[in-house]
Amino acid sequence: MKRASRRASHAVLCMGVFIALSGLFGCQSRATTHREQGQADDENPMRWATYSRQPMALRAAGVERMLADDAERFWQDAEALARQIDDWPMIRLLADKASSSADQRALPWLVRSWAMPSKLVSDDQRPESNAIASITLAPADQFLMEVVFDNPDPYEPATQVAAWAVMVRMGPGQWLRDSVTEIPDAEASVLVSMLKHAVPAVDVLPADREAITQMMRLSTELNQEQWQRVARYRVTQQGDGPWTLALRHVPALKKRNKERDAWSHARWIKHVASRLSERRNVTRGEGARDDAVISTRPERFVDHRSKLGVADLIVLDYLMDAVQAPGIKRTLFEHAEADRLDTTTEYGGAITWDERGELQYKPFAPMLRVHDQAYVASTRCMQAVHLGLAHVHFHAQRYDNSPWAGPGKGDLDFVEAQHVNAIVLTFIDADTLNLDAYFPSGIVIDLGCITR
């Protein structure tokens with residue numbers, strides 16, 4: 001597709017876009033059960049109209065009235081509340097209204113709504129896609145390209161990211177990578193400028209709010225040369241093991257031991273297997289009571305090594321280095337003891353690097369104290385995770401906690417949604433912690449135990 005002439009170079013700083021996107025863009029899945037959307041808000045009729053407990057006929061009448069009174073305000077409110085409009089009868093109604101009126105002011109809402117994936121409706125059947133095509137008189141994917149690459153100026157940063165998310169989900173082929181790299185630097189928007197650095201460096205393209213946030217944070221820390229070094233290393237590893245390199249690997253690859261750059265996937269497998277071979281493993285559920293309901297899954301290295309790319313193996317190597325470092329080990333036990341005594345929350349933090357480039361464990365207070373079986377990571381914690389090696393939390397409710405040695409379903413859902421590496425430490429006895437690393441896609445690797 002021929003690109004339109006570009007406007008002047010962007011002047012918005014990366015962090016400005018980060019602030020805008022952090023509150024506006026979301027790609028949570030839509031399920032058959034609609035979440036509650038709160039009580040009616042007299043000051044915002046749009047919020048009332050999208051409240052899914054209201055009868056649909058009443059909500060439809062409200063939409064008609066609001067469109068007749070002030071269509072511009074209506075679509076502005078819909079755009080701002082895209083994440084709250086998550087029930088299909090209302091989505092289809094609004095898409096039909098946008099299509100029948102051919103109102104271009106509806107386009108931002110249509111894009112943001114489409115960005116939220118659905119297990120019920122495929123992308124080629126989405127009402128938002130059909131409405132976009134009807135309004136623009138062109139294929140919907142062509143309009144998405146315009147929002148991201150050709151003419152992003154009329155659209156909010158969150159809408160640009162939403163359009164990018166849809167394109168990635170529809171098929172992150174080489175054409176999309178080429179579309180990013182062929183935009184001249186002087187003509188790239190803030191989003192595309194960051195993508196130009198990140199896309200060549202990873203196999204897994206960032207495609208939702210959490211991944212874009214991670215990319216933005218990395219973009220504040222890595223310069224162009226560092227991104228290029230990671231990209232060159234990615235190229236050398238292609239075709240040798242699974243292509244799993246994602247943004248979560250970038251900090252580890254930036255810090256990697258370059259003397260091992262020539263190592264093959266098979267050699268990395270052998271190296272990690274050797275380090276793990278003498279370690280004591282503790283399987284989740286081991287020693288559980290008969291009435292305990294504990295989810296279990298394979299967690300030996302041999303169970304997952306065919307799915308692990310070189311970048312995953314480098315992360316595991318660093319994690320084993322970190323937990324064996326005397327200073328880090330001491331801090332981990334101190335934090336586990338504090339967690340055991342505090343029944344209001346689990347404890348956690350991040351394994352990252354200090355100013356000297358040395359591995360460290362950095363604890364962070366929870367954002368919320370929910371209960372003794374949950375750690376809610378703060379924004380500062382997640383920033384450290386995105387720029388570091390792994391998220392950390394403890395299962396330290398008691399010394400003899402071996403049945404819970406390993407991540408639970410909520411922990412696995414967390415790394416899947418946040419696209420991060422993680423490690424959980426569980427008390428086996430007063431002097432022993434078991435360690436389990438876990439990655440997106442349900443991969444759990446028991447790293448053995450450490451003792452005081």
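The number of heavy atoms from other shown groups lying within 6.0 Å of CZ (Arg305) does not exceed 12. The 12-atom threshold is not exceeded at NZ of Lys409, counting heavy atoms of other residues, nucleotides or ligands nearer than 6.0 Å.
In this structure, Phe301 and Arg275 have side chains that are not in contact, with every pair of non-hydrogen atoms separated by 4.5 Å or more. Looking at Leu276 and Met320, their side chains come closer than 4.5 Å, going by heavy atoms from C-beta outward. Within the 4.5 Å cutoff, no side-chain heavy atoms of Met116 are placed close to those of Asp86. A 4.5 Å side-chain heavy-atom check between Val420 and His386 finds at least one atom pair inside the cut-off. Phe333 places a side-chain heavy atom less than 4.5 Å from the side chain of Phe427. Between Ile212 and Trp164, the closest side-chain pair of non-hydrogen atoms falls below 4.5 Å. At a threshold of 4.5 Å between non-hydrogen side-chain atoms, the residues Phe439 and Arg248 count as touching.
Relative to the six-membered ring of Tyr399, Arg340 meets both conditions, a distance below 6.0 Å and an angle of at most 45° to the axis.
Using cut-offs of 30° and 60° on the angle between ring planes, the pair His395 and His393 is perpendicular. Ring geometry, Tyr375 versus His391: the interplanar angle falls from 30° to 60°, so the pair is classed tilted.
At least one donor-acceptor pair under 3.5 Å links the side chain of Asp429 to the backbone N or O of Thr432. For His265 (side chain) and Leu308 (main-chain N/O), a donor-acceptor pair under 3.5 Å exists by modelled atom type. Of the possible polar contacts, none joining the Asp240 side chain to the Ser264 backbone as a donor-acceptor pair under 3.5 Å is found. Thr236 contributes a side-chain N or O that, together with a main-chain N or O of Tyr233, makes up a donor-acceptor pair within less than 3.5 Å. The main-chain N or O of Val424 is never found under 3.5 Å from a side-chain atom of Asp436 such that the two would form a donor-acceptor pair.
Salt bridge status for Glu358 with Arg356: absent, with no side-chain N to carboxylate O gap under 4.0 Å.
Atoms OG1 and CZ, from Thr159 and Arg112 in turn, are 3.5 Å apart once rounded to the nearest 0.5 Å.
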